[in-house]
Amino acid sequence: KGPQAVKAITIYGKQIHYNLNDGFPLITTRDMSGKTWNAARAELLWIISGSTNAYDLHKYGVKLWDQWATPDTSGKLGFADGELGPVYGGQLRKFGGQVDQLTQIVGMLKRNPNSRRAVISFWNLSDVEIDGVEKVFIAPCIAMLHFFHQDGNLGLHVFQRSADVAVGVPFDVAEYALFLMLVAKEVSLKPSELIHTMSDIQIYEDQVPSMRELLTRTPRPRPTVTIADSPSGTIFDHLVEDFQLLGYDPHPRIKIPVAT
(Lines give C-alpha, C1' and ligand atoms only; values in the text may rest on other atoms or scores of the structure.)
Protein backbone atom coordinates (compact mmCIF):
# COMPACT_ATOMS: atom_id res chain seq x y z
CA LYS A 1 0.00 0.00 0.00
CA GLY A 2 1.35 3.42 -0.98
CA PRO A 3 0.54 6.94 0.23
CA GLN A 4 -2.88 6.91 -1.45
CA ALA A 5 -5.98 5.50 0.24
CA VAL A 6 -6.40 2.74 -2.38
CA LYS A 7 -4.02 -0.22 -2.61
CA ALA A 8 -1.85 -0.43 -5.71
CA ILE A 9 -0.23 -3.13 -7.83
CA THR A 10 3.34 -1.91 -8.28
CA ILE A 11 6.32 -2.85 -10.44
CA TYR A 12 9.62 -1.01 -10.97
CA GLY A 13 11.82 0.09 -13.84
CA LYS A 14 10.21 -0.15 -17.31
CA GLN A 15 10.88 1.79 -20.52
CA ILE A 16 8.94 2.51 -23.72
CA HIS A 17 10.24 4.11 -26.94
CA TYR A 18 7.91 6.19 -29.13
CA ASN A 19 8.95 7.09 -32.68
CA LEU A 20 7.20 10.33 -33.59
CA ASN A 21 7.64 9.45 -37.26
CA ASP A 22 4.96 6.81 -36.62
CA GLY A 23 2.50 9.44 -35.42
CA PHE A 24 1.76 11.32 -32.24
CA PRO A 25 1.78 9.04 -29.15
CA LEU A 26 -1.76 9.66 -27.90
CA ILE A 27 -3.34 6.33 -26.98
CA THR A 28 -6.26 5.16 -29.12
CA THR A 29 -7.62 2.41 -26.86
CA ARG A 30 -9.67 5.06 -25.05
CA ASP A 31 -10.72 8.52 -26.15
CA MET A 32 -8.46 11.29 -24.84
CA SER A 33 -9.77 14.12 -27.01
CA GLY A 34 -11.93 16.94 -25.70
CA LYS A 35 -11.25 17.97 -22.10
CA THR A 36 -8.25 15.65 -21.69
CA TRP A 37 -6.48 16.93 -24.81
CA ASN A 38 -7.23 20.49 -23.78
CA ALA A 39 -5.81 19.85 -20.30
CA ALA A 40 -2.57 18.36 -21.70
CA ARG A 41 -1.98 21.43 -23.88
CA ALA A 42 -2.97 23.83 -21.12
CA GLU A 43 -0.83 22.24 -18.41
CA LEU A 44 2.23 22.33 -20.66
CA LEU A 45 1.76 26.03 -21.39
CA TRP A 46 1.16 26.65 -17.67
CA ILE A 47 4.46 24.92 -16.83
CA ILE A 48 6.33 26.82 -19.54
CA SER A 49 4.96 30.09 -18.15
CA GLY A 50 6.61 29.32 -14.80
CA SER A 51 3.33 29.48 -12.87
CA THR A 52 2.84 27.45 -9.69
CA ASN A 53 -0.70 28.66 -9.04
CA ALA A 54 -3.48 26.20 -9.85
CA TYR A 55 -5.93 29.01 -10.51
CA ASP A 56 -3.87 30.21 -13.50
CA LEU A 57 -5.13 27.10 -15.30
CA HIS A 58 -8.73 28.25 -14.96
CA LYS A 59 -8.41 30.54 -17.99
CA TYR A 60 -8.14 27.34 -20.04
CA GLY A 61 -11.11 25.76 -18.27
CA VAL A 62 -8.76 23.34 -16.50
CA LYS A 63 -8.96 22.45 -12.79
CA LEU A 64 -6.52 19.52 -12.67
CA TRP A 65 -4.63 20.82 -9.64
CA ASP A 66 -7.47 22.42 -7.68
CA GLN A 67 -7.88 19.61 -5.15
CA TRP A 68 -4.31 20.23 -3.97
CA ALA A 69 -4.62 24.02 -3.91
CA THR A 70 -7.49 24.63 -1.51
CA PRO A 71 -7.08 27.11 1.38
CA ASP A 72 -6.75 24.10 3.69
CA THR A 73 -4.06 22.18 1.74
CA SER A 74 -2.13 25.26 0.64
CA GLY A 75 -2.40 26.80 4.09
CA LYS A 76 -0.89 23.75 5.80
CA LEU A 77 2.35 24.42 3.93
CA GLY A 78 2.18 28.17 4.38
CA PHE A 79 1.16 28.89 0.78
CA ALA A 80 -1.45 31.39 -0.37
CA ASP A 81 -4.77 30.09 -1.69
CA GLY A 82 -4.20 28.39 -5.05
CA GLU A 83 -0.43 28.14 -4.65
CA LEU A 84 1.14 24.70 -5.03
CA GLY A 85 4.68 25.59 -4.02
CA PRO A 86 7.80 24.91 -6.12
CA VAL A 87 6.27 22.43 -8.58
CA TYR A 88 6.95 22.03 -12.31
CA GLY A 89 6.71 25.62 -13.51
CA GLY A 90 8.79 26.94 -10.63
CA GLN A 91 11.48 24.31 -11.14
CA LEU A 92 11.58 24.84 -14.91
CA ARG A 93 11.86 28.61 -14.90
CA LYS A 94 13.50 29.30 -11.53
CA PHE A 95 15.36 26.21 -10.34
CA GLY A 96 17.00 26.78 -6.98
CA GLY A 97 15.31 30.16 -6.95
CA GLN A 98 17.42 31.50 -9.81
CA VAL A 99 18.08 29.32 -12.90
CA ASP A 100 15.74 29.51 -15.91
CA GLN A 101 16.32 25.97 -17.15
CA LEU A 102 14.17 26.34 -20.26
CA THR A 103 16.05 29.39 -21.55
CA GLN A 104 19.40 27.77 -20.73
CA ILE A 105 18.60 24.45 -22.44
CA VAL A 106 17.22 26.15 -25.55
CA GLY A 107 20.39 28.23 -25.76
CA MET A 108 22.57 25.18 -25.19
CA LEU A 109 20.89 23.19 -27.96
CA LYS A 110 21.20 26.11 -30.38
CA ARG A 111 24.92 26.51 -29.64
CA ASN A 112 25.77 22.82 -29.51
CA PRO A 113 23.01 20.33 -30.39
CA ASN A 114 25.37 17.46 -29.56
CA SER A 115 25.76 18.53 -25.94
CA ARG A 116 25.16 15.75 -23.44
CA ARG A 117 24.27 18.33 -20.81
CA ALA A 118 20.82 19.28 -22.12
CA VAL A 119 19.09 18.12 -18.94
CA ILE A 120 16.12 19.70 -17.17
CA SER A 121 15.49 18.67 -13.57
CA PHE A 122 12.10 19.02 -11.92
CA TRP A 123 13.40 17.26 -8.79
CA ASN A 124 15.02 19.38 -6.10
CA LEU A 125 14.98 17.52 -2.78
CA SER A 126 15.25 20.73 -0.78
CA ASP A 127 11.88 21.72 -2.27
CA VAL A 128 10.29 18.33 -1.59
CA GLU A 129 11.07 17.06 1.92
CA ILE A 130 13.80 17.79 4.45
CA ASP A 131 14.16 15.95 7.78
CA GLY A 132 10.63 14.63 7.50
CA VAL A 133 9.13 18.05 6.81
CA GLU A 134 7.17 18.20 3.56
CA LYS A 135 7.88 21.30 1.49
CA VAL A 136 5.28 20.59 -1.21
CA PHE A 137 2.02 18.64 -1.20
CA ILE A 138 2.46 17.00 -4.63
CA ALA A 139 6.07 16.18 -5.49
CA PRO A 140 6.93 16.14 -9.23
CA CYS A 141 6.18 12.76 -10.81
CA ILE A 142 8.32 13.66 -13.82
CA ALA A 143 11.80 14.02 -12.34
CA MET A 144 14.13 14.69 -15.26
CA LEU A 145 14.24 15.41 -19.01
CA HIS A 146 17.27 14.80 -21.24
CA PHE A 147 17.31 16.11 -24.81
CA PHE A 148 19.59 14.41 -27.34
CA HIS A 149 20.50 15.09 -30.98
CA GLN A 150 21.18 12.66 -33.83
CA ASP A 151 21.55 13.66 -37.50
CA GLY A 152 19.26 16.69 -37.31
CA ASN A 153 16.73 14.92 -35.11
CA LEU A 154 15.93 15.90 -31.53
CA GLY A 155 14.92 13.24 -29.04
CA LEU A 156 13.76 13.41 -25.44
CA HIS A 157 14.35 10.95 -22.63
CA VAL A 158 11.77 11.41 -19.85
CA PHE A 159 12.50 9.91 -16.42
CA GLN A 160 9.31 9.47 -14.39
CA ARG A 161 9.71 8.89 -10.65
CA SER A 162 6.11 7.78 -10.03
CA ALA A 163 3.81 6.56 -12.80
CA ASP A 164 0.05 6.01 -12.55
CA VAL A 165 -0.31 3.81 -15.62
CA ALA A 166 -4.07 3.99 -15.95
CA VAL A 167 -4.57 7.77 -15.76
CA GLY A 168 -1.32 9.70 -15.54
CA VAL A 169 1.00 7.96 -18.00
CA PRO A 170 -1.06 8.41 -21.22
CA PHE A 171 -1.51 12.10 -20.31
CA ASP A 172 2.19 12.56 -19.50
CA VAL A 173 3.37 10.87 -22.70
CA ALA A 174 1.20 13.19 -24.78
CA GLU A 175 2.27 16.29 -22.84
CA TYR A 176 6.01 15.62 -23.09
CA ALA A 177 5.74 14.61 -26.74
CA LEU A 178 4.29 18.11 -27.25
CA PHE A 179 7.17 19.57 -25.25
CA LEU A 180 9.68 17.73 -27.45
CA MET A 181 7.95 19.11 -30.55
CA LEU A 182 8.01 22.65 -29.13
CA VAL A 183 11.70 22.56 -28.22
CA ALA A 184 12.60 20.99 -31.57
CA LYS A 185 10.68 23.77 -33.32
CA GLU A 186 12.50 26.39 -31.23
CA VAL A 187 15.97 25.04 -32.08
CA SER A 188 15.21 24.18 -35.75
CA LEU A 189 15.52 20.40 -35.40
CA LYS A 190 13.09 17.60 -36.26
CA PRO A 191 11.36 15.88 -33.29
CA SER A 192 12.13 12.19 -33.46
CA GLU A 193 12.01 9.86 -30.46
CA LEU A 194 10.43 10.05 -27.02
CA ILE A 195 11.97 7.59 -24.56
CA HIS A 196 9.88 7.14 -21.43
CA THR A 197 11.51 5.52 -18.39
CA MET A 198 9.22 4.80 -15.45
CA SER A 199 10.57 3.96 -12.00
CA ASP A 200 7.73 3.27 -9.51
CA ILE A 201 4.81 2.11 -11.68
CA GLN A 202 1.31 1.64 -10.27
CA ILE A 203 -2.17 0.47 -11.17
CA TYR A 204 -4.61 1.06 -8.32
CA GLU A 205 -7.02 -1.70 -7.35
CA ASP A 206 -10.10 0.31 -8.28
CA GLN A 207 -8.60 0.87 -11.75
CA VAL A 208 -8.19 -2.83 -12.55
CA PRO A 209 -11.65 -3.40 -14.13
CA SER A 210 -11.14 -0.43 -16.46
CA MET A 211 -7.67 -1.62 -17.43
CA ARG A 212 -8.95 -5.12 -18.17
CA GLU A 213 -11.47 -3.58 -20.56
CA LEU A 214 -8.73 -1.44 -22.13
CA LEU A 215 -6.63 -4.52 -22.85
CA THR A 216 -9.43 -6.07 -24.95
CA ARG A 217 -9.20 -3.19 -27.44
CA THR A 218 -6.95 -3.19 -30.50
CA PRO A 219 -4.85 -0.02 -30.92
CA ARG A 220 -5.68 2.09 -33.96
CA PRO A 221 -3.35 4.21 -36.13
CA ARG A 222 -1.80 7.13 -34.29
CA PRO A 223 -2.99 10.68 -34.96
CA THR A 224 -0.80 13.61 -35.95
CA VAL A 225 -0.28 16.99 -34.30
CA THR A 226 0.59 20.31 -35.90
CA ILE A 227 1.93 23.34 -34.03
CA ALA A 228 1.41 26.85 -35.41
CA ASP A 229 3.84 29.69 -34.75
CA SER A 230 3.28 31.56 -31.51
CA PRO A 231 2.59 35.33 -31.55
CA SER A 232 6.29 36.03 -30.92
CA GLY A 233 7.57 33.09 -32.96
CA THR A 234 9.19 31.58 -29.83
CA ILE A 235 8.40 28.79 -27.39
CA PHE A 236 7.41 31.21 -24.64
CA ASP A 237 3.94 32.43 -25.64
CA HIS A 238 2.06 29.69 -27.46
CA LEU A 239 -1.72 29.47 -27.25
CA VAL A 240 -3.69 26.24 -26.77
CA GLU A 241 -5.22 26.64 -30.23
CA ASP A 242 -1.72 26.50 -31.76
CA PHE A 243 -1.80 22.73 -31.18
CA GLN A 244 -4.09 20.84 -33.56
CA LEU A 245 -4.85 17.12 -33.18
CA LEU A 246 -5.60 15.52 -36.56
CA GLY A 247 -6.76 12.07 -37.65
CA TYR A 248 -7.61 10.85 -34.15
CA ASP A 249 -9.98 7.84 -34.23
CA PRO A 250 -9.98 6.32 -30.74
CA HIS A 251 -12.15 3.73 -29.05
CA PRO A 252 -14.87 5.11 -26.72
CA ARG A 253 -14.03 6.72 -23.40
CA ILE A 254 -13.46 4.68 -20.25
CA LYS A 255 -14.03 6.28 -16.89
CA ILE A 256 -11.04 5.44 -14.67
CA PRO A 257 -10.77 6.45 -11.00
CA VAL A 258 -7.99 8.89 -10.10
CA ALA A 259 -5.90 8.01 -7.04
CA THR A 260 -5.93 10.72 -4.37
Side-chain angles (χ1 to χ4, degrees), residues 2-6 32 34-103 120-145 158 160-164 167-172 174-176 178-179 182 204 230-232 234-243 255-260:
Q4 281 73 21
V6 181
M32 292 187 63
K35 289 183 178 180
T36 305
W37 170 242
N38 181 61
R41 294 178 295 175
E43 187 182 65
L44 178 58
L45 297 183
W46 175 70
I47 290 170
I48 288 172
S49 77
S51 175
T52 58
N53 193 301
Y55 298 162
D56 287 342
L57 278 165
H58 289 187
K59 65 183 178 183
Y60 304 109
V62 174
K63 298 184 177 181
L64 282 177
W65 289 80
D66 280 23
Q67 63 181 308
W68 300 294
T70 64
D72 181 49
T73 53
S74 296
K76 285 180 180 177
L77 294 174
F79 302 141
D81 184 21
E83 275 297 326
L84 297 158
V87 291
Y88 294 104
Q91 300 298 345
L92 179 65
R93 303 304 304 276
K94 207 170 183 180
F95 187 83
Q98 58 183 343
V99 179
D100 184 342
Q101 296 190 88
L102 181 56
T103 298
I120 289 171
S121 179
F122 291 122
W123 189 261
N124 185 342
L125 187 59
S126 64
D127 287 333
V128 176
E129 181 177 333
I130 295 295
D131 295 329
V133 178
E134 292 187 357
K135 303 293 185 178
V136 67
F137 193 74
I138 297 294
C141 292
I142 305 294
M144 187 181 78
L145 310 175
V158 177
Q160 186 157 3
R161 170 189 66 85
S162 180
D164 174 355
V167 176
V169 167
F171 187 96
D172 294 332
E175 184 169 324
Y176 285 93
L178 288 177
F179 192 42
L182 279 178
Y204 292 90
S230 71
S232 70
T234 73
I235 194 172
F236 299 102
D237 62 341
H238 275 282
L239 309 172
V240 288
E241 54 265 32
D242 292 341
F243 305 87
K255 188 172 179 60
I256 304 175
V258 179
T260 57

- Query: Less than 4.5 Å apart, any side-chain heavy atom of D164 and any of V169?
  - Reply: no
- Let me see the working for F236 and L102 under side-chain contact (heavy atoms from CB on, under 4.5 Å), right down to the final yes or no. CA-CA 9 Å; F236 299 102; L102 181 56; 3.7 Å; yes
- Could I get the full list of side chain to side chain donor-acceptor pair (under 3.5 Å) partners for S51, not counting sequence neighbours? W46, D56
- Message: Any heavy-atom pair between the side chains of Y88 and T52 that's under 4.5 Å?
- Response: no
- Task: Apply side chain to side chain contact (heavy atoms under 4.5 Å, CB included) to A54 and list each qualifying residue two or more places apart in sequence or on a separate chain.
- Result: W65, D66, A69, L84
- For D237 and P231, work out which heavy atoms get closest and say how close. O-CD, 3.2 Å
- When rounded to the nearest 0.5 angstrom, what is the spacing between CD1 in I48 and CG in L182? 5.0 Å
- Message: If I take atom CG from residue L44 and atom CZ from residue F243, how far apart are they, to the nearest 0.5 angstrom?
- Response: 5.5 Å
- Quick note, salt bridge (Lys or Arg N to Asp or Glu O under 4.0 Å) partners involving residues 34-52, not counting sequence neighbours, are none
- Task: Assign the ring pair F179 / Y176 to parallel, tilted or perpendicular, where the plane angle (0 to 90°) is split at 30° and 60°.
- Result: perpendicular
- List the atom of G82, the atom of S74, and the distance in Å for their closest heavy-atom pair. N-OG, 3.9 Å
- Set of residues satisfying side chain to side chain donor-acceptor pair (under 3.5 Å) with respect to W37, sequence neighbours excluded: none
- Under the side chain to side chain donor-acceptor pair (under 3.5 Å) rule, collect the residues that match up with S121, sequence neighbours excluded. none
- Message: Closer than 3.5 angstrom, by distance alone: can the side chain of T70 be matched with the main-chain N or O of Q67 as a donor-acceptor pair?
- Response: no
- Pairwise side-chain contact, F95 with I120, heavy-atom cut-off 4.5 Å (strictly under): no
- Message: Going by salt bridge (Lys or Arg N to Asp or Glu O under 4.0 Å), name the pairs with one or both residues in residues 78-101, residues two or more places apart or in two chains.
- Response: R93-D100
- Task: Applying side chain to side chain donor-acceptor pair (under 3.5 Å), name anything that partners T36, two or more places apart in sequence or on another chain.
- Result: none
- All ring pair (Phe, Tyr, Trp, His ring centres under 6.0 Å) counterparts of Y60, not counting sequence neighbours: none
- Message: Between L64 and F171, does the side-chain contact (heavy atoms from CB on, under 4.5 Å) criterion hold? Intermediate values first, please.
- Response: CA-CA 12 Å; L64 282 177; F171 187 96; 3.7 Å; yes
- Non-neighbouring partners of K76 that pass salt bridge (charged side-chain N to carboxylate O under 4.0 Å, His left out), sequence neighbours left out: D72
- Kindly indicate whether the side chain of F79, heavy atoms from C-beta on, has any atom under 4.5 Å from the side chain of P86. yes
Kindly list each side-chain donor-acceptor pair under 3.5 angstrom involving residues 122-132, sequence neighbours excluded, with atom names and distances?
from : atom 1 : to   : atom 2 : distance (Å)
N124 : OD1    : S126 : N      : 3.3
N124 : OD1    : S126 : OG     : 2.7
D127 : OD2    : Q91  : NE2    : 2.9

- Message: Just verifying a value: how many Å separate S49 OG and H238 NE2, rounded to the nearest 0.5 Å?
- Response: 13.5 Å
- Heavy-atom nearest pair, I142 first then L145, reads CG2-CD2, 3.8 Å
